[in-house]
Structures are given as C-alpha cells and as structure tokens.
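One structure is given below, encoded as structure tokens.
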Amino acid sequence: MTISLFLPTAGRQVPINDLSLGAFRSAFAALTAPSLDSLTGDYRAEFVGPAWLRRFAPPGLAITPLAGWLGKSFDGQGNGINLVRRRGVVQRVLPMRAQWLPSAVDGRPGVTLTYAPGSLFPFAYVVDELRTIEADTLLGLSFATVPWLARLPMPFLLRHVPVLLDDSDDAE
C-alpha cells in the first residue's frame with residue numbers, strides 16, 4: 001500500500017517516498033498528533049523518504065545501538081522502548097519517554113519521544129516526533145538536538161501491529 005501525504009506547498013497529495021527531506025517538515029505540520037494514551041502496543045518501523053535515505057538508513061543504524069531496528073513498543077503510560085532483532089532474537093533496547101511537548105517542526109503541542117541523557121551515543125542527542133497519518137500508521141521525524149543537525153529530519157513510519165515480539169517474524 002502506497003501512502004501519500006498532503007504537501008501544502010504543492011497543494012496536493014504526494015507519495016511519501018517522492019518527498020524530499022525538506023518537504024517532510026511541511027507534510028508533518030499538516031498532520032495531527034496522536035494522544036499519549038493511544039500509543040499502546042507494538043509498531044513496526046519502515047524507512048520512508050528519498051531512495052538514498054531508504055537505502056542507507058538501515059546500514060547507518062547498524063553501527064548504533066539500534067542495529068536491527070524493527071520498531072517501537074509503547075505502554076500507553078508514556079513509556080516506550082525500541083525493538084531490534086539480533087541473531088534472530090527480538091530485544092528491547094533504548095527506552096524512551098513519550099511526552100506532550102511543542103513540536104520543533106511547527107510549535108504545536110504533540111508527541112515527542114526523548115531518550116535519557118545517559119543513553120548510548122548518539123541517542124542522548126536525538127528526539128523523535130510523531131503525527132498520525134491513519135488510525136494505525138504514524139509518521140515519525142527523528143531529529144538530532146545538536147544545532148547544526150537539528151533542521152534535518154529523518155522520516156520513518158510506525159505501523160501498529162498485533163505483536164512485533166514474535167520471533168517467527170521474518171524482518172531483519
């Protein structure tokens with residue numbers, strides 16, 4: 001299924017993988033934030049955006065604590081954790097906190113995921129923001145909090161799934 005987002009600057013729906021990184025900011029701003037308590041369960045991650053990003057994001061994450069990233073899991077109480085597959089086993093790594101904060105994109109209140117200050121590099125300097133595309137699909141933008149990288153969003157999708165911790169899952 002191809003997802004399209006409304007791009008205000010184009011005045012039309014654009015397939016998500018046809019958007020430039022810069023266009024994700026305005027498309028993101030046109031979406032609404034999910035409620036914190038709606039973030040419950042497992043979400044499968046999918047890299048989106050320009051072809052070069054979709055190609056290089058997985059090997060780029062492979063040198064970080066998110067090697068083998070599958071997605072995220074939330075408890076509905078503002079706690080989340082990343083899910084990775086390593087050596088065929090799904091593991092929980094890098095806990096995060098979901099908070100209702102002003103967005104770095106448009107200043108509107110929304111869901112921001114923050115990692116603890118002592119998190120492994122580079123995640124102590126990363127925040128993710130979430131907006132709703134469809135009932136079971138979220139657009140995430142990941143930002144570095146260092147000034148010279150803060151304007152470069154790294155987009156991803158999170159799709160709600162019944163259970164992501166199923167070891168029969170074939171994702172790597």
Q) Ignoring hydrogens and geometry, is there a side-chain-to-backbone donor-acceptor pair from R108 to A29 under 3.5 Å? A) yes
Q: Please lay out, stage by stage, how Y43 and F156 fare under the test side chain to side chain contact (heavy atoms under 4.5 Å, CB included).
A: CA-CA 11 Å; Y43 291 79; F156 58 93; over 6 Å; no
Q: Find the distance between CG (L83) and CD (Q91) and round it off to the nearest 0.5 Å.
A: 10.5 Å
Q) Which distance, rounded to the nearest 0.5 Å, do you find between the CG of L31 and the CG of L5? A) 6.0 Å
(Q) Counting C-beta onward and ignoring hydrogens, is there a side-chain heavy-atom pair between D106 and R131 closer than 4.5 Å? (A) yes
**Q.** Any L94 side-chain heavy atom under 4.5 Å of S119 side chain
**A.** yes
Q) Where do G107 and P102 come nearest, in terms of heavy atoms and distance? A) O-CB, 3.7 Å
Q: Go through the steps for L141 and L130 under the test side chain to side chain contact (heavy atoms under 4.5 Å, CB included), then give the verdict.
A: CA-CA 7 Å; L141 292 183; L130 303 176; over 6 Å; no
Q.
What's the separation between atom CG in L158 and atom OG in S73, rounded to the nearest 0.5 Å?
A. 11.0 Å
Q: Please report the closest heavy-atom contact between P65 and P122, naming both atoms and the distance.
A: CD-CD, 4.5 Å
Q.
Measuring from atom CZ of F121 to atom OG1 of T64, what distance do you get when rounded to the nearest 0.5 angstrom?
A. 10.0 Å
Q) With distance as the sole test, does R54 use its side chain to make a donor-acceptor pair with the main-chain N or O of F47 at under 3.5 Å? A) no
(Q) Taking G49's backbone N and O only, do any of them form a donor-acceptor pair with N17's side chain (distance below 3.5 Å, no angle check)? (A) yes
Q. V84 versus V90: any side-chain heavy-atom pair under 4.5 Å?
A. no
Q) To the nearest 0.5 Å, what is the distance between CG (L157) and CD (E134)? A) 9.5 Å
**Q.** Donor-acceptor contact present, side-chain R97 to main-chain A116, <3.5 Å
**A.** no
Q | Heavy-atom side-chain contact between V93 and I81 under 4.5 Å | A | no
**Q.** Contact check, side chains of F143 and V126, non-hydrogen atoms, under 4.5 Å
**A.** no
Q.
Out of the candidates L7, V105, V48, only one should pair with F24 under the side chain to side chain contact (heavy atoms under 4.5 Å, CB included) rule; please name it.
A. V48
Q: Over all heavy atoms of both residues, which pair between W69 and N82 is shortest? Give the atoms and the distance, please.
A: NE1-OD1, 3.0 Å
Q) M96 and N79: side chain to side chain contact (heavy atoms under 4.5 Å, CB included), yes or no, with the steps? A) CA-CA 6 Å; M96 68 198 101; N79 300 302; over 6 Å; no
Q. Can you name the one residue among T40, L36, L113 that meets side chain to side chain contact (heavy atoms under 4.5 Å, CB included) with F74?
A. L113
**Q.** Side-chain H-bond candidate by donor/acceptor type, E129 with S103, under 3.5 Å
**A.** yes
Q) Is the shortest heavy-atom distance from the side chain of P8 to the side chain of S26 under 4.5 Å? A) yes
Q. Would V111 and L101 show up in the same hydrophobic cluster when neighbours are defined by side-chain heavy atoms closer than 4.5 Å?
A. no
**Q.** Side-chain ion pair, D42 and R159, N-O less than 4.0 Å
**A.** no
Q | Nearest non-hydrogen partners of G11 and F6, listed with the distance | A | C-CE1, 3.5 Å
Q: Working to the nearest 0.5 Å, report the span between CG of L39 and CG of L138.
A: 6.5 Å
Q. What's the shortest heavy-atom distance between L19 and A23, and which atoms?
A. CD2-CB, 3.9 Å
Q) Taking all atoms of both residues into account, what is the closest heavy-atom pair of A33 and T132, and its distance? A) C-OG1, 4.0 Å
Q) Are D128 and K72 within salt-bridge range, i.e. N to O under 4.0 Å? A) yes
